Amino acid sequence: MDKHAAARLLDTIASYQELKGENPFKVRAFSNAARTVDGLAGDLAQALASGELAAMKGIGPATLEVVREYAASGRSSLLEELRREVPDGLVEMLRISGLGVTKIRTLHEQLRISTIAELELASRNGRLAALPRFGEKTAEKILRGIEFLRRSDAFRLSHHAARTAAQLAGAIAALAGVERVEIAGSVRRRVEISRDVDLAVACHGPARSLEAGLKGAASVREVRSTGEASLTVTLEDGTTADVYCAPPGQFGHCLIWATGSVTHLQQLADRAKARGFDLGVDEFTREAAPVPCPDESVLYAALGLAWIPPELREGGEEIARAAAGTLPHLLERQDLVGLLHCHSVYSDGSNTLSELAAACRAAGYRYLGITDHSMAAAYAGGLREDAVARQHAEIDALNRGWDDFRILKGIEADILADGALDYGPEVLDRFDFVIGSVHSRMDQDQVTMTQRVLHAMDDPHLTIVGHPTGRLLLGRDPFPLDLGAIIAKAAEREVAIEINGDPQRLDLDWRWCARARDAGVAITIGADAHSLAGLDNMDSGVGIARKGWLEARDVLNTREAEGFLEYARHGKAH
DNA sequence: GCCGTTTTCGGCCCGACTGTTTTCAGTCG
């Protein structure tokens, strides 16, 4: 059973209840339960059967029952009941920035609005602005929110797309005549958001021989044949998947084509043509005869190229570098010896220090940089001074129990509106390293925001700038920031910049990685984990680093703890 | 609805900003 689907269900129930006007604490209880389920480390069905789930903090009889029913039948009678009472459109409106429950209910009661289309109309024709406690600016903000929602709806986050792709790949792999299935497209290239999913299949018959089998597969809504060698599959969640098929002897071509990008393929086709080949959507031929290419490297080799990692196939320098034999040796997860940016129960994380440390140690890390929120992030349970002292005492005690692992004392300090970090130097001195992040006042203009972050970088305690642009993919645009200036200052001050591995952030953007590296800036991969499951964010971070052409030597947490600490101390000496 | 070193009922995350109003409700992080 998919724990993420169960978590989504609990969250959806919370939204309906909120709009229905339920007790806000009850609503929060469902949200909390959703977060607990989503952050579960193991398999949900197992946790349900063993009683582990029932024992978890935040899960009580009512929320447990929702999960249990969903596990047994795939439905929720509670949600079905709520949907009869609350229009779906109202729940959708909750995703619009600036609209909360109260405003939505007012709109529903006063103007009979129950869909986004009606909301848009009322925002345009002045009816919305005329309501008490509404106005022109609110109407404009809502229209911007609707536009953002429409833009976002066409895409999904990379880890969601990857999960969908893996499920479909599994279903196809089980069909008769299928030899091999690989996830391709933007998911394979580790692009941060995906419009759809692409799969490459090695099989013995034509594409349509898979049609009947796929129609019966779980989560498949519709299958359409789109040619001799391809199918388009629509999944229950609305995702479109393009399935490209080829006989095993031509699978390399198929996989390259299904992976893209369009620009990369165009450049590859040009190179092929110059060398007497013909590389097109259906075939890879020489003098009209198909060239055998059971895997990708054969095709690249035929064009005088080293195999190009999919992350690099964006139509940049990759073909020239592959021709010259100077492709980078990209960062790998195993290169990382330290896990950085991790929240514990001391602030808004759901696991204890000892649970997090044990999981990191088991995953092969040699240190864990704990960075709970600082005081200013009161909503996230930011640490006051006494909590810092307690946490440090616990870390010292835990560290006495290992000789092959250690917890580093870090903090994710808020960069306040004026650029100050929100602890004084006497508190900041107690940490091994400091991540500085912007969490508030994101509406500042570019000049102010840039000055703010630059000012924070002048603080000798600052080790790392966390999630530099504050973006939430498909959720919130990055705040305006002169990244070039931040990079220049980071090089000058020897401050590292984070690639935040939270799939919603992936910030620093991969397009900026090489520029930061070339300026001499150290990069860290941060998990921004709030639970055991969040530790896996490191994989997403590695994907972005690879996509940004980074190698192990460019990344700070490939260094052993002493090397990392030396970097952090160096900053303080400035 | 969930929780408990304040333990079976009473409390649960809080402070700042925005846009609307003339004193603050609503939203956000």
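All of these numbers come straight from a predicted model, not from anything done at the bench.
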ask   = Could you give the CE-to-P distance, from A:Met56 to B:dG4, as a whole number of Å?
value = 13 Å
query = Quick one: is B:dC28 close enough that its OP1 or OP2 comes under 4.0 Å of any side-chain N or O from A:Ser440?
reply =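 Answer no for this pair, as no side-chain N or O of A:Ser440 is under 4.0 Å from OP1 or OP2.
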query = Is it true that a side-chain atom of A:Ser347 and a backbone atom of A:His343 form a donor plus acceptor pair closer than 3.5 Å?
reply = no
ask   = In the 5'-to-3' direction, what one-character label does each nucleotide of nucleotides 11-21 of chain B receive under the scheme B = base within less than 4.0 Å of a protein heavy atom, S = sugar-phosphate only, - = no such atom?
value = -BB---SSBBS
task = List the atom of A:Val495, the atom of A:Val521, and the distance in Å for their closest heavy-atom pair.
result =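 Heavy atoms of A:Val495 and A:Val521 come nearest at O-CG1, 3.7 Å.
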Heavy-atom closest pair, residues A:Leu128 and A:Ser123 = CD1-OG, 3.7 Å
inquiry  = For residues 87-96 of chain A, which residue pairs pass the side-chain hydrogen bond (donor to acceptor under 3.5 Å, both in side chains) check, not counting sequence neighbours?
reply    =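 For residues 87-96 of chain A, and leaving out neighbouring residues, the side-chain hydrogen bond (donor to acceptor under 3.5 Å, both in side chains) pairs sorted by first residue read A:Tyr16-A:Asp88, A:Arg83-A:Asp88, A:Arg95-A:Asp153.
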query = What pairs meet the side-chain hydrogen bond (donor to acceptor under 3.5 Å, both in side chains) rule with one or both residues in residues 533-547 of chain A, with sequence neighbours excluded?
reply = A:Glu311-A:Arg546, A:Glu314-A:Lys547
A:Asp458 with A:Lys489: basic N within carboxylate O range, under 4.0 Å = yes
key: Closest-nucleotide 5' rank along DNA chain B - winner of A:Gly100 and A:Gln17   = A:Gln17
Taking only the [atom1] atom of each, what is the distance from [N] to [M] in whole angstrom?
N: B:dT6; M: B:dG1; atom1: P; result: 26 Å
N: B:dT20; M: B:dG26; atom1: P; result: 14 Å
N: B:dG19; M: B:dT23; atom1: C1'; result: 13 Å
N: B:dC3; M: B:dT8; atom1: P; result: 16 Å
N: B:dT18; M: B:dC12; atom1: C1'; result: 27 Å
N: B:dC17; M: B:dC13; atom1: P; result: 22 Å

query = For DNA chain B, which residues in residues 43-50 of chain A have a heavy atom at a distance below 4.0 Å?
reply = none
Contacts under 3.5 angstrom, residues 140-150 of chain A side chains, donor-acceptor by atom type, not counting sequence neighbours:
from	atom 1	to	atom 2	distance (Å)
A:Arg150	NH1	A:Glu120	OE1	3.2
A:Arg150	NH2	A:Glu120	OE1	3.0

inquiry  = Starting the side chain at C-beta, find the nucleotide from B:dG29, B:dG26, B:dG1 nearest to A:Thr63.
reply    = B:dG1
request  = Give none if B:dT18 has no partner; otherwise give the nucleotide forming a Watson-Crick or G-U wobble pair with it, both distances under 3.5 Å.
outcome  =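 B:dT18 is paired with B:dA25.
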task = Determine which pairs satisfy salt bridge (charged side-chain N to carboxylate O under 4.0 Å, His left out) with at least one residue from residues 8-25 of chain A, sequence neighbours left out, and list them in order.
result = A:Lys20-A:Glu22, A:Lys20-A:Glu85, A:Glu22-A:Lys26
